[in-house]
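First comes the structure, then the notes that go with it.
Atoms within each ligand, like the ligands themselves, are counted from 1 in listed order. The basis for the numbers below is simple: all heavy atoms, side chains too, and nothing from hydrogens, waters or symmetry mates. These figures come from a predicted structure and were not determined experimentally.
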Amino acid sequence: MEAAFSQFYKRTPKQRLALLAETLGLSEAEQQALQQRAAQGDAPLLIENYLTTYQLPEGVAVNFRVNGHDYVVPMVTEEPSVIAAASNGAKQLTIAGGITAAVHSRLLTGQVVLSDVKVYASIDDWVALHQNELLDVAKQAHPSIVTRGGGPKSIRTRDLGEGFVSIDLTVDVKAAMGANMMNTMLEAVADVVQSKLHHTTLFSILSNAGDQSLTTATVSVPVSQLADDLDDAQQVAKRLVQASRIAQLDPMRAVTHNKGIMNGVDALVIAMGNDWRAIESAAHAFAVKDGQYRGLSDWQLAGDRLTGTLTLPLPVGTVGGATKVLPLVSINQKIARINSPEELMKLIAAVGLAQNFAALKALVTSGIQQGHMKMQVRSLAMTVGATPQEVPVLTEQLMALKDPNEAQAKQLLKQIRNHKEDNHAKR
Ligand code: NDP
């Protein structure tokens with residue numbers, strides 16, 4: 001097999017497919033499915049060994065009001081109920097007056113790491129003394145960002161212990177996520193450190209911590225809005241606050257709490273052509289910032305209001321990376337009326353907060369399954385091969401069963417098809 005794949009990267013997607021079909025025994029139908037989804041344009045050049053385009057469903061969440069503006073939110077996800085929950089959560093939060101969101105700062109940090117350092121102070125002193133020179137080197141490595149009003153802002157050192165020292169460069173990356181421009185600047189700084197300080201560097205790369213791109217979304221909901229009856233509403237508020245508190249106390253619960261937030265965050269980040277692995281790593285690192293993994297959001301009772309807060313590191317960009325290459329991104333930016341990275345950061349935080357509100361409210365009231373049931377049953381209908389025409393009929397029949405399973409779904413689908421054939425024959 002190894003020989004067959006030699007210089008695989010040099011082949012065209014068609015040749016790659018033919019080779020895979022031959023060596024792995026792909027059927028005609030499987031080959032066609034792969035070929036039909038092959039993209040035109042530059043998207044195939046984004047990655048290596050391109051074969052086809054893996055598609056995910058995109059929908060829009062509605063009802064969002066953030067800082068007084070109404071938003072339609074494009075979301076890319078394969079998970080049922082995420083968009084429904086986001087829209088539902090947003091509706092309730094909009095009725096309450098809408099979400100407020102603010103960006104704390106928008107900077108990116110990168111590291112030049114030195115190893116085998118004997119005396120930390122010697123590096124620290126040298127960097128302090130040559131700060132301006134190092135910042136100039138970074139500027140010259142990517143001058144266009146300076147022309148755009150951004151560029152390197154500060155430099156500092158940190159003693160990591162065991163002879164490792166990090167020289168941290170902080171850059172204003174303007175509208176980009178900034179990974180590549182940062183790495184270019186860091187490598188230039190590393191060259192100077194090596195030649196002038198005579199110390200070899202171990203590596204240079206941006207940090208995905210994102211802690212200088214924090215964004216906070218907040219909301220304040222009248223408790224009376226949470227149920228028709230005031231006593232019930234107070235119970236819902238109390239239980240929701242308790243559920244949020246558990247995510248602060250118990251990492252096992254915090255992981256699931258945060259997964260729910262990331263359901264919405266990732267879906268929007270993907271729709272905007274951004275690096276969702278970067279956003280995921282940053283969010284989980286932030287969740288453990290005080291040494292224990294905790295829920296990223298916090299819900300409290302303040303008098304007769306329920307207040308929710310979510311702070312996330314969101315180093316996203318509206319230019320660069322895949323944003324211009326993936327054809328749907330600019331359309332999605334238009335749908336969401338995103339004109340700046342700051343606006344995108346605020347919308348992402350707001351989506352995370354609405355998603356979290358919807359999940360917690362469902363959890364402490366009807367339970368998560370009730371809302372999910374119809375969507376899960378639709379998935380089951382599709383899994384057993386129901387056509388788009390058959391899905392609604394099969395879903396309805398499955399909903400009438402308690403805990404429907406795949407065998408039952410197959411049986412019912414068979415019956416639907418038999419029934420259809422009988423009717424056809426009678427005509
Ligand atoms: P690019 O390399 O595409 O750089 C963005 C470029 O856009 C800038 O260099 C700038 O070029 C141009 N630009 C145009 N308008 C603006 C503006 N208003 N503000 C800022 N720049 C502008 O992307 P990034 O550097 O943002 O890197 C993002 C990509 O890097 C992502 O795809 C990510 O997956 C990937 N990556 C991530 C890593 C990580 O997270 N650890 C590591 C390595 C890569 P100019 O000024 O010359 O016109």
Side-chain angles (χ1 to χ4, degrees), residues 39 41-50 53-54 56 76 103 105-113 135-153 166-190 201-215 262 265-286 312-330 332-334 337-346 348:
D42 291 338
L45 303 176
L46 275 175
I47 60 160
E48 307 73 39
N49 292 354
Y50 177 83
T53 297
Y54 184 102
L56 286 172
V76 175
V103 172
S105 63
R106 209 189 123 71
L107 294 167
L108 186 68
T109 298
Q111 302 180 271
V112 175
V113 174
L135 290 174
D136 277 345
V137 166
K139 279 178 195 164
Q140 281 153 27
H142 199 104
S144 52
I145 196 66
V146 181
T147 316
R148 291 182 196 283
K153 293 291 162 211
S166 178
I167 302 176
D168 299 341
L169 177 71
T170 299
V171 175
D172 177 351
V173 290
K174 301 311 283 179
M177 181 263 198
N180 290 313
M181 68 173 87
M182 171 63 90
N183 292 342
T184 306
M185 290 183 210
L186 291 171
E187 281 174 17
V189 169
T201 57
L202 188 59
F203 61 77
S204 313
I205 192 161
L206 80 150
S207 164
N208 285 109
D211 52 355
Q212 297 201 69
S213 287
L214 295 180
T215 307
M262 301 313 282
V265 168
D266 283 349
L268 174 53
V269 169
I270 296 171
M272 292 295 165
N274 268 258
D275 183 341
W276 75 94
R277 288 83 54 204
I279 299 304
E280 279 280 339
S281 356
H284 298 295
F286 191 65
L312 287 174
L314 291 170
V316 289
T318 47
V319 300
T323 57
K324 289 287 171 289
V325 185
L326 294 177
L328 292 185
V329 174
S330 50
N332 288 341
Q333 288 180 343
K334 194 168 177 184
R337 288 194 280 177
I338 292 298
N339 294 312
S340 70
E342 287 84 359
E343 199 168 5
L344 178 57
M345 292 160 83
K346 291 179 217 170
I348 297 171

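Geometrically, ligand 1 and Lys174 share no nitrogen or oxygen pair separated by less than 3.5 Å. Below 3.5 Å of separation, one finds no N or O of Val319 facing any N or O of ligand 1. Ligand 1 has an N or O atom lying under 3.5 Å from an N or O atom of Gly321, backbone or side chain.
Applying the 6.0 Å contact sphere to NZ of Lys324 captures more than 12 heavy atoms from other residues, nucleotides or ligands.
For atom 19 (N) of ligand 1, the closest non-hydrogen atom of the protein is Ala175 N, 3.0 Å. At the top of the distance list for atom 48 (O) of ligand 1, counting protein heavy atoms only, stands Arg148 NH2, 2.6 Å. The shortest contact between atom 8 (C) of ligand 1 and any protein heavy atom is with Met181 CE, 3.6 Å. Closest protein heavy atom to atom 42 (C) of ligand 1: Leu206 CD2, 3.8 Å. The nearest heavy-atom contact from the protein to atom 28 (C) of ligand 1 is Met177 SD, 3.8 Å. Scanning the protein heavy atoms around atom 35 (C) of ligand 1, the nearest turns out to be Ala179 CB, 4.0 Å. Looking only at protein heavy atoms, the nearest one to atom 47 (O) of ligand 1 is Ser144 OG, 3.0 Å. Closest to atom 33 (C) of ligand 1, if we only count protein heavy atoms, is Asp275 OD2, 3.4 Å.
Residue contacts with ligand 1, taken as heavy atom pairs separated by less than 4.0 Å, involve Asn208 solely via side-chain atoms from C-beta onward.
Looking at Tyr50, its side chain does come within 3.5 Å of a backbone N or O of Ala39 through a donor-acceptor pair. At distances below 3.5 Å, at least one donor-acceptor pair connects side-chain atoms of Ser207 with backbone N or O atoms of Ala209. Remark: side-chain polar atoms of Thr323 are not paired, donor with acceptor, to backbone N or O of Gly273 under 3.5 angstrom. Side chain of Ser213 to backbone of Leu107: a donor-acceptor contact under 3.5 angstrom is found. Under the 3.5 Å distance criterion, the side-chain polar atoms of Asn274 are left unmatched by any main-chain donor or acceptor of Val316.
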- request: Could you please spell out the steps behind the side-chain contact (heavy atoms from CB on, under 4.5 Å) verdict for Met272 and Thr318?
  value: CA-CA 8 Å; Met272 292 295 165; Thr318 47; over 6 Å; no
- request: Apply the test side-chain contact (heavy atoms from CB on, under 4.5 Å) to residues Val325 and Leu45: give CA-CA distance (whole Å), side-chain angles for both, the deciding distance (0.1 Å), then the verdict.
  value: CA-CA 9 Å; Val325 185; Leu45 303 176; over 6 Å; no
- prompt: Between Leu169 and Leu135, does a side-chain contact (heavy atoms from CB on, under 4.5 Å) hold up when you go through it step by step?
  reply: CA-CA 8 Å; Leu169 177 71; Leu135 290 174; 3.8 Å; yes
- request: Given side-chain contact (heavy atoms from CB on, under 4.5 Å), test Val173 with Arg106 step by step and report yes or no.
  value: CA-CA 8 Å; Val173 290; Arg106 209 189 123 71; 4.1 Å; yes
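Look at Gly178 and you'll find a heavy atom under 4.0 Å from some atom of ligand 1.
The nearest non-hydrogen atom to atom 11 (O) of ligand 1, considering only Met182, Arg277, His142, Lys324, comes from His142. Considering Thr147, Thr323, Asn180, Ile145 only, the shortest heavy-atom separation from atom 25 (O) of ligand 1 involves Asn180. Of the candidates Ala322, Gly320, Ala278, Ser281, the one placing a heavy atom closest to atom 4 (O) of ligand 1 is Gly320.
Atoms of ligand 1 found under 4.0 Å from any heavy atom of Ala176, numbered from 1 in the order shown, are 5 (C), 19 (N), 20 (C), 21 (N), 26 (O). Of all atoms in ligand 1, numbered sequentially from 1 with element shown, those under 4.0 Å from a heavy atom of Val173 are 19 (N), 20 (C).
No option in Ile279, Thr215, Val265 other than Val265 meets the side-chain contact (heavy atoms from CB on, under 4.5 Å) test with Leu312.
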